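Because the structure is predicted, anything quoted here is derived from the model rather than measured. Computation of the quantities below employed the complete heavy-atom set of this structure, encompassing side-chain atoms and omitting hydrogens, waters and symmetry-equivalent molecules.
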Amino acid sequence: MSKFTAALAAAVLALGGYLAFAPIPAQPVAWTPPRDAGYSGAHARNNRLSPVNRIPLARDHGPEHIVAHDGWIYTGLNSGAVVRLRADAPADAQPETVLNTGGRPLGLDFDAEGHLLIADGIKGLLKATLPANGRPAGVETLVAKVDDAVNGTPVLGDPIRFADAVLVAKNGTVYFTDATRRFAPAQWGGTFEASVLDTLEHSCTGRLLAYDPQTRYTRVVLRDLCFPNGLALTANEQHLLLSETGAYRILRISVNLDGLSAPQAIGLPGDAAKVLIDNLPGFPDNLMRGEGGRIWVGLTKPRSSVIDFAARHPWMRALTLRLPKVLWPVPPAYGHVFAFDETGKVLLDLQDPAGGYPETTAVTEAGGRLYIQSLNARSIGWVSKQAAGL
């Protein structure tokens, strides 16, 4: 054997050893996803989300969630900034920065007193007072830890690792999601990296939480969720709708649940918890109520046959995590949002197969427009309601 051949063989063995045994941050769990129906039926492929009008964000990006309030729209960006602009702003409008959380603001909502509630992926659940009459904005942390239980063992002061969505009920209760107990964005390079790790592991450690502003107590409503994400309330506010991103579905959950495991709750008789929409053609993200009973959701990425196949084979996902990130099986950009009603019936489906406006997370109706939320876009996108067929 020549020196070159010997060196090559040693390199191949070393690479094989690395791919088989190198430490990885996740411990993939086997699961069986529903068979992908693709873009069919109510989600038949179309081009109704193209083109999208854009309001540039200068050097920032990621209007992941957009909330409308008093004629303004607000969104959090990757830099930690929360910006706003008028809901009917012209194309050359310059978003105004109102505060910076120092983390990654994701979900937003307003309470009855006009405070901005923020689910910050790094800092937890925050409450902000907007600047007014020369007074600067103020930000305080409401919830950074919660008493919980893991495998039946109480855990006091368990950190909120990935606050994702937030929603304020009429009675003042603040519902929010903690997407994963395994991968905190602060430790794993950001919200996207942490979400990919959690999706590939599929250990389903996320939870739905409820904060009572009167008692300042936070309870676990539902645990063992597969990357719980967006939230919306039913009209009577007796149930929550929740995007379970890691399972391609949307759940309907009683607000009265208290600490049950999601698989256990879904298996109970009655309406404690049920699957409202299953087997989506992509990863569901935010939920937003619109007009006329519409509830909007965005699919950030389409399903991947590679990811679905690897779901049954943890070793394949472990191997993937040992590869450079550029080789991870991240699906291509594809714009997709749709509206449905409380029964789960799809009312309107808008797609952009070319993915010109990437990683769509949901829609906010304001100023006669549909504002398109996005994980990574460098602009705030919108289409007119008329163009969307409304």
Side-chain angles (χ1 to χ4, degrees), residues 64-69 74 76 105-121 123-128 140-148 158-181 205-245 249-262 265-266 271-274 276 284-289 295-297 342 361-362 364 373:
E64 198 273 347
H65 186 255
I66 297 172
V67 64
H69 181 70
Y74 294 77
L106 297 171
L108 308 173
D109 201 9
F110 281 88
D111 66 14
E113 288 75 42
H115 299 113
L116 179 62
L117 281 296
I118 305 170
D120 190 293
K123 302 240 173 170
L125 180 64
L126 311 178
K127 181 173 79 171
E140 65 172 301
T141 300
L142 294 182
V143 185
K145 297 180 179 180
V146 63
D147 294 340
D148 199 356
D158 191 41
I160 303 298
R161 293 171 179 81
F162 196 144
D164 199 337
V166 63
L167 183 64
V168 183
K170 291 177 182 177
N171 66 7
T173 302
V174 181
Y175 297 100
F176 65 107
T177 52
D178 186 18
T180 170
R181 295 184 65 256
T205 62
R207 48 198 173 181
L208 169 62
L209 305 169
Y211 169 77
D212 185 331
Q214 300 301 317
T215 63
R216 301 182 70 87
Y217 176 72
T218 302
R219 68 182 174 92
V220 179
V221 179
L222 196 63
R223 57 169 58 88
D224 302 330
L225 289 156
C226 303
F227 207 87
N229 208 320
L231 294 172
L233 279 159
T234 55
N236 63 10
E237 300 207 345
Q238 294 303 300
H239 290 84
L240 284 157
L241 307 182
L242 179 147
S243 290
E244 197 174 15
T245 304
R249 64 188 186 180
I250 296 172
L251 305 180
R252 182 176 182 268
I253 300 161
S254 169
V255 298
N256 297 315
L257 286 180
D258 191 8
L260 289 180
S261 166
I266 292 171
D271 65 349
K274 71 174 186 178
L276 182 67
D285 202 290
N286 295 331
L287 294 174
M288 286 294 291
R289 271 203 166 271
I295 303 163
W296 290 96
V297 64
E342 290 189 10
T361 52
T364 301
Q373 306 165 16

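Residues satisfying the side chain to side chain donor-acceptor pair (under 3.5 Å) test with T173, not counting sequence neighbours, are N171. Take T141 and apply the side chain to side chain donor-acceptor pair (under 3.5 Å) test, not counting sequence neighbours, and it matches no residue. Residues satisfying the ring-ring contact (aromatic ring centres under 6.0 Å, His included) test with F110, not counting sequence neighbours, are H69, Y74.
Rounding to the nearest 0.5 Å gives a distance of 12.0 Å between NZ of K274 and CD1 of I266. A distance of 8.0 Å separates NE2 in H239 from CG in N256, rounded to the nearest 0.5 Å. Within the model, atoms CG of D285 and CG of N229 stand 4.0 Å from one another, a figure rounded to the nearest 0.5 Å. The CG atom of L276 lies 7.5 Å from the CD1 atom of I295; values are rounded to the nearest 0.5 Å.
H65 contributes a side-chain N or O that, together with a main-chain N or O of L108, makes up a donor-acceptor pair within less than 3.5 Å. Looking only at distances, no side-chain donor or acceptor of T218 sits under 3.5 Å from a matching main-chain atom of V146.
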Name the atoms and distances for all side-chain donor-acceptor pairs under 3.5 Å in residues 210-217, with sequence neighbours left out.
{"from": "D212", "atom 1": "OD1", "to": "Q214", "atom 2": "N", "distance (Å)": "2.8"}
{"from": "D212", "atom 1": "OD1", "to": "T215", "atom 2": "N", "distance (Å)": "3.4"}
{"from": "T215", "atom 1": "OG1", "to": "Y217", "atom 2": "N", "distance (Å)": "3.3"}

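Residues A179 and P228 share a closest heavy-atom pair of O-CD, 3.3 Å.
Among L287, L257, T234, L167, the single residue meeting the side-chain contact (heavy atoms from CB on, under 4.5 Å) criterion with L240 is L167.
Pairs passing the salt bridge (charged side-chain N to carboxylate O under 4.0 Å, His left out) check and including a residue from residues 158-175, sequence neighbours excluded, read D158-R161, D158-R181, D158-R207. Annotation: salt bridge (charged side-chain N to carboxylate O under 4.0 Å, His left out) contacts involving residues 217-238, sequence neighbours excluded, comprise D148-R223.
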